[in-house]
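Here is the structure we will look at.
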Amino acid sequence: MEKQLSRRMNTTLNQVVPSSILAFNDKIVKIPDIIKLTLGEPDFNTPQHIKDAGIRSIENNESHYTPSSGRLDLRQAMSDYLAQKYDVHYDPETEIVATIGATGGIFAGLTAVLNPGDEVLIPVPIFPLYIPITIMNGAKPVYIDTSKTDFILQPEDLATALDKHPKVKAIVLNYPTNPTGVTYSLSQLQKLAAVIRNYPIFVLSDEIYSELSYEQKHVSIAKLLPEQTILLNGVSKSHAMTGWRIGILAAPKQIMPKIAMIHQLMSTNAAAVSQAAALEAFKNGPDDALPMRKEYQRRRDFLIPKLKKLGFGVQKPAGAFYLFCKIPESFQLNSFDFCVKLAEEAKVAVIPGASFPGGEGYFRLSYAAGFDQLKEAVARLEKFVEAHR
């Protein structure tokens, strides 16, 4: 009976696989004395004033259902935050949903707009989550390789892809980008927007790393294409609140009812205590990311020359907390085998580039780790490279 039932599962799931990032992390985490530079999670703690708000919420017995889209005062604070930071404007009553992290927003946004047979443009390399969600909705991912253009999507490549694929329903943008750390300037976004506005497609813009943009102020494409954009943001990276699971989904009121319905069917509502903490983050901690960002930048600037000296190709990231490093051809190893060898011999754990569509030949190093750990990791990398010269 078990075998018979296992063959009666949702067959669409045969086309998707669990996260290889988590699988690889689980594989190497048991190695003694390993330095983990793998997962994309801030190594800072949630600021104390936000934790205090969560504690007060528990003590005040805020343990009941909230409105499905989130507390109205939270959605108002989200609206104010987006307006203050990025000059994008949303009605908190009709155009914002508090989701279960940005992940919940990705699922709700794509599920609400996709029909079987649709296509979704996805510039790669990119965080892979968008792909299985696309497939589970019966749609097809279409990749645009950005490896030859410094990992920046070019307007002419976008236009070519749109002309070749008339079934495209949406394009995914994620910037600052996981895994490369690249981001887009106002000028670059204006050129992309000039192409996109000629087509009846949605833009799913995942801007969860917006507050970790180093040399330039983050610009949201929602400012340029408000009618077409489904905007994602949240507190996970900006306020070191990954475990609290609160994201922002903002979209035009004409399409929000269906998105909000998907969110409601998925989860009823985000946890009440997490909403209370996020309210504090948005209202009284809009700049909590500044000291974190400064430290991430210090780590980035320490690592890049060290890795380049060792022969790794490294493009300077403009945001987030990742380095996407080219593996020297002298190793003659694919990214998975290289990363296994590095973990076993040097006891340094990074994520194989192949875990990201279009990322073979690279590895992703997360510098959301203590400075002493990063210095020790560099020392181990130096010995590893020397041993294989």
Side-chain angles (χ1 to χ4, degrees), residues 42 45-109 112 205-208 210-211 218 220 222-223 226 229-290:
N45 292 320
T46 303
Q48 188 62 47
H49 71 104
I50 298 173
K51 292 190 288 186
D52 289 341
I55 293 168
R56 287 195 301 272
S57 175
I58 294 170
E59 291 176 337
N60 291 335
N61 296 310
E62 294 178 0
S63 54
H64 303 281
Y65 291 127
T66 73
S68 178
S69 292
R71 294 168 44 164
L72 182 56
D73 56 353
L74 172 60
R75 285 180 280 145
Q76 181 66 63
M78 290 174 165
S79 176
D80 294 342
Y81 178 82
L82 292 174
Q84 172 192 344
K85 289 286 185 177
Y86 314 118
D87 195 24
V88 293
H89 302 276
Y90 293 94
D91 180 350
E93 294 195 30
T94 62
E95 297 183 316
I96 289 182
V97 171
T99 59
I100 313 296
T103 300
I106 295 168
F107 191 94
S205 190
D206 183 352
E207 302 176 24
I208 192 67
S210 58
E211 282 299 283
H218 179 82
S220 175
K223 184 174 173 60
T229 300
I230 299 170
L231 174 63
L232 306 175
N233 212 305
V235 292
S236 291
K237 316 300 181 179
S238 57
H239 293 78
M241 293 177 67
T242 52
W244 296 84
R245 309 308 301 134
I246 294 291
I248 303 171
L249 189 154
K253 64 181 178 181
Q254 291 84 355
I255 65 171
M256 183 56 91
K258 294 292 178 65
I259 297 174
M261 181 179 68
I262 296 297
H263 166 75
Q264 182 184 73
L265 295 173
M266 286 166 52
S267 57
T268 303
N269 60 264
V273 64
S274 296
Q275 291 190 49
L279 174 62
E280 172 68 19
F282 290 124
K283 286 188 69 174
N284 298 317
D287 294 324
D288 280 352
L290 293 180

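Predicted model, so just to flag it, every value in this text is computed and none were measured. Here, residue 1 is the first one in the sequence, and each next residue gets the next number.
- With hydrogens and angles left out, the side-chain atoms of S210 and N233 include a donor and acceptor closer than 3.5 Å.
- Applying the ring pair (Phe, Tyr, Trp, His ring centres under 6.0 Å) definition to pairs two or more places apart or across chains, none involves residues 242-270.
- Proximity of Q275 to I246: side-chain heavy atoms (C-beta onward) are separated by under 4.5 Å at one or more points.
- Scanning for ring pair (Phe, Tyr, Trp, His ring centres under 6.0 Å) contacts around F107 gives an empty result, with sequence neighbours left out.
- Residue pairs that meet the ring pair (Phe, Tyr, Trp, His ring centres under 6.0 Å) test with at least one member in residues 48-75, sequence neighbours left out, do not exist here.
- Among residue pairs with one or both ends in residues 73-86, those qualifying as salt bridge (Lys or Arg N to Asp or Glu O under 4.0 Å) are R71-D73, K85-E211, K85-D287; sequence neighbours excluded.
- E62 is not listed as a side-chain neighbour of I58, based on a closest heavy-atom distance of 4.5 Å or more.
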Only pairs under 3.5 Å count here: list side-chain donor-acceptor contacts from residues 97-105, not counting sequence neighbours, and write none if there are none.
from : atom 1 : to   : atom 2 : distance (Å)
T99  : OG1    : G101 : O      : 2.7
T99  : OG1    : G247 : O      : 3.4

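- One distance of note links OH of Y86 with CD of E207; it measures 8.0 Å at 0.5 Å rounding.
- With sequence neighbours excluded, the residues satisfying side-chain contact (heavy atoms from CB on, under 4.5 Å) with A222 are V88, Y90, S220, T229, L231.
- Of the listed residues (D206, I208, I248), just one forms a side-chain contact (heavy atoms from CB on, under 4.5 Å) with L232, and that residue is D206.
- Counting heavy atoms from C-beta on, the side chains of K258 and I262 never come closer than 4.5 Å.
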